Asker: 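What follows is a single structure, and I will ask about it in a moment.
We number each residue from 1, following the sequence as shown. All values derive from a computational prediction rather than experimental measurement.
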Amino acid sequence: MSEITIRPMVPEDWDDVARIYLEGIATEHATFQTDCPPYAAWDASHTKECRLVILADGVLAGWAALHRVDSRWCYRGVAEVSIYVGERFRGKGLGSQLLNALCADAEKAGYWTLQSTVLQDNTASRALHTKCGFRLVGRRERIARDCHGRWLDTYLMERRAKADEPEGIKKL
């Protein structure tokens, strides 16, 4: 990989985004979801800002986006991270580039806390989040059942913005 580009996600990226999401679902370590929603549902559940894709030599290799944790005004600066890297691009450092870019965009947009829920067996995701400045807040035991009916724990990780009042706070 010689050329890495990070840019805002556009609707035309959806086929690749959905394919990468399905690859993550197939690992059974990335999410409790068992299927990728249609674009309209995904679009409605994620913020319009802070949606990024990473391209390796022109090929869409991963994506990241935010989901508002709570619609109340007092939580306007808190969002949950979704980040997925395509199967053939994992382990090449693209995830940290993408997550660091998402964190920077989130602060510019006014988010003061980003959180991520990581399934118990996803050690790569925990390491990625730690590398990008997230801290472990806690472990939620037997929080949900996976697609095989097994109870799983999740780790709640969070990252605070450098400033208590990020520069984009007035936009939210």
Side-chain angles (χ1 to χ4, degrees), residues 1 3-73 75-111 113-119 121-122 124-125 128-129 132 134 143-148 152 154 156-159 166 168 171-172:
M1 290 181 295
E3 185 179 340
I4 303 300
T5 305
I6 298 174
R7 65 164 172 76
M9 183 188 299
V10 294
E12 293 76 24
D13 294 324
W14 180 246
D15 288 345
D16 289 325
V17 167
R19 176 186 46 76
I20 291 168
Y21 188 38
L22 287 168
E23 288 176 3
I25 289 170
T27 68
E28 298 182 5
H29 299 298
T31 180
F32 286 109
Q33 293 299 115
T34 57
D35 202 7
C36 180
Y39 176 73
W42 184 92
D43 182 54
S45 68
H46 289 79
T47 65
K48 302 304 179 205
E49 70 280 351
C50 302
R51 296 178 179 187
L52 299 175
V53 294
I54 189 166
L55 293 91
D57 294 326
V59 177
L60 201 143
W63 62 271
L66 298 180
H67 167 76
R68 281 279 179 81
V69 171
D70 193 305
S71 62
R72 291 177 288 176
W73 183 85
Y75 294 108
R76 70 194 178 284
V78 182
E80 183 165 6
V81 170
S82 291
I83 180 166
Y84 289 83
V85 174
E87 186 174 21
R88 73 180 229 222
F89 296 100
R90 294 180 193 146
K92 301 180 186 315
L94 298 178
S96 60
Q97 291 180 58
L98 183 57
L99 186 53
N100 281 325
L102 181 70
C103 291
D105 276 7
E107 285 192 34
K108 287 178 189 164
Y111 291 93
T113 300
L114 297 181
Q115 68 181 41
S116 195
T117 299
V118 181
L119 274 63
D121 297 325
N122 198 339
S125 185
L128 168 66
H129 283 83
C132 294
F134 284 71
I143 193 74
R145 293 181 188 268
D146 69 4
C147 62
H148 303 290
L152 293 181
T154 59
L156 179 60
M157 303 186 77
E158 80 171 19
R159 181 184 182 279
K171 296 178 193 174
L172 295 176

Asker: In a check of side chain to side chain contact (heavy atoms under 4.5 Å, CB included) between R51 and each of D43, L66, V17, which one passes?
Answerer: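 That would be D43; it is the only one of D43, L66, V17 passing the side chain to side chain contact (heavy atoms under 4.5 Å, CB included) with R51.
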Asker: Distance check, rounded to the nearest 0.5 Å: D146 atom CG versus H29 atom NE2?
Answerer: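 Interatomic distance, D146 CG to H29 NE2, rounded to 0.5 Å: 9.5 Å.
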Asker: Enumerate, atom names and distances included, each donor-acceptor pair closer than 3.5 Å involving a side-chain atom of residues 77-86, sequence neighbours excluded.
Answerer:
from, atom 1, to, atom 2, distance (Å)
E80, OE2, T117, OG1, 3.1

Asker: Kindly compute the distance separating CG (L98) from CG (L52), expressed to the nearest 0.5 Å.
Answerer: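 Reported to 0.5 Å precision, the distance equals 6.0 Å.
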Asker: Got a sec, which residues hit side-chain contact (heavy atoms from CB on, under 4.5 Å) with A26, two or more places apart in sequence or on another chain?
Answerer: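 Result, side-chain contact (heavy atoms from CB on, under 4.5 Å) vs A26: none returned.
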Asker: Using the side chain to side chain contact (heavy atoms under 4.5 Å, CB included) rule, take T27 and R90 through it: C-alpha gap first, then chi angles, then the decisive distance, then the call.
Answerer: CA-CA 12 Å; T27 68; R90 294 180 193 146; 3.7 Å; yes
Asker: Would you say OH of Y75 has more than 12 non-hydrogen atoms from neighbouring residues, nucleotides or ligands within 6.0 angstrom?
Answerer: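 No - once you tally the heavy atoms of other residues, nucleotides and ligands closer than 6.0 Å, there are 12 at most.
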Asker: Is the backbone N or O of E87 less than 3.5 Å from a side-chain atom of E23, with the two atoms forming a donor-acceptor pair by type?
Answerer: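 Indeed, once roles are kept as given, a pair shorter than 3.5 Å links the two residues.
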Asker: Is there side-chain contact between L156 and V118, with heavy atoms separated by less than 4.5 Å?
Answerer: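 No, every pair of side-chain atoms sits at 4.5 Å or beyond.
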Asker: Please lay out, stage by stage, how Q97 and L94 fare under the test side chain to side chain contact (heavy atoms under 4.5 Å, CB included).
Answerer: CA-CA 5 Å; Q97 291 180 58; L94 298 178; 4.0 Å; yes
Asker: Identify the two heavy atoms, one from W14 and one from P38, that lie closest to each other, and give their separation to 0.1 Å.
Answerer: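 Looking at all heavy atoms of both residues, the closest pair is CZ2-C, 4.1 Å.
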Asker: Take F89 and I54, measure what side chain to side chain contact (heavy atoms under 4.5 Å, CB included) needs, and give me the verdict at the end.
Answerer: CA-CA 10 Å; F89 296 100; I54 189 166; over 6 Å; no
Asker: Within this structure, what is the NE2-CD distance for the pair H129 and E158, rounded to the nearest 0.5 Å?
Answerer: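 Here the interatomic distance stands at 12.0 Å.
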Asker: What are the two closest heavy atoms between D13 and P8, and how far apart are they?
Answerer: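 In terms of heavy atoms, the two residues are closest at OD2-O, 4.2 Å.
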Asker: Is there a side-chain contact between T31 and Y21 in this structure, where contact means two heavy atoms from C-beta onward sitting under 4.5 Å apart?
Answerer: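 T31 vs Y21: side chains touch.
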Asker: Given R159 and Y111, is the side chain to side chain contact (heavy atoms under 4.5 Å, CB included) satisfied, shown in steps?
Answerer: CA-CA 10 Å; R159 181 184 182 279; Y111 291 93; over 6 Å; no
Asker: Could you state the interatomic distance from CZ (F134) to SG (C103), rounded to the nearest 0.5 Å?
Answerer: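 It comes to 4.0 Å.
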Asker: Measuring from atom OG1 of T154 to atom CG of L119, what distance do you get when rounded to the nearest 0.5 angstrom?
Answerer: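 So the OG1 of T154 and the CG of L119 are separated by 7.0 Å.
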Asker: How close do T5 and E3 get, counting heavy atoms only, and between which atoms?
Answerer: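 Heavy-atom minimum between the residues: OG1-OE2, 3.7 Å.
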Asker: Would you check if the side chain of D105 reaches a backbone N or O of L102 as a donor-acceptor pair within less than 3.5 Å?
Answerer: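 Looks like no, no N/O pair under 3.5 Å.
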Asker: At what distance, to the nearest 0.5 angstrom, does OG1 of T34 lie from CD1 of I25?
Answerer: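 One finds 7.0 Å between OG1 of T34 and CD1 of I25.
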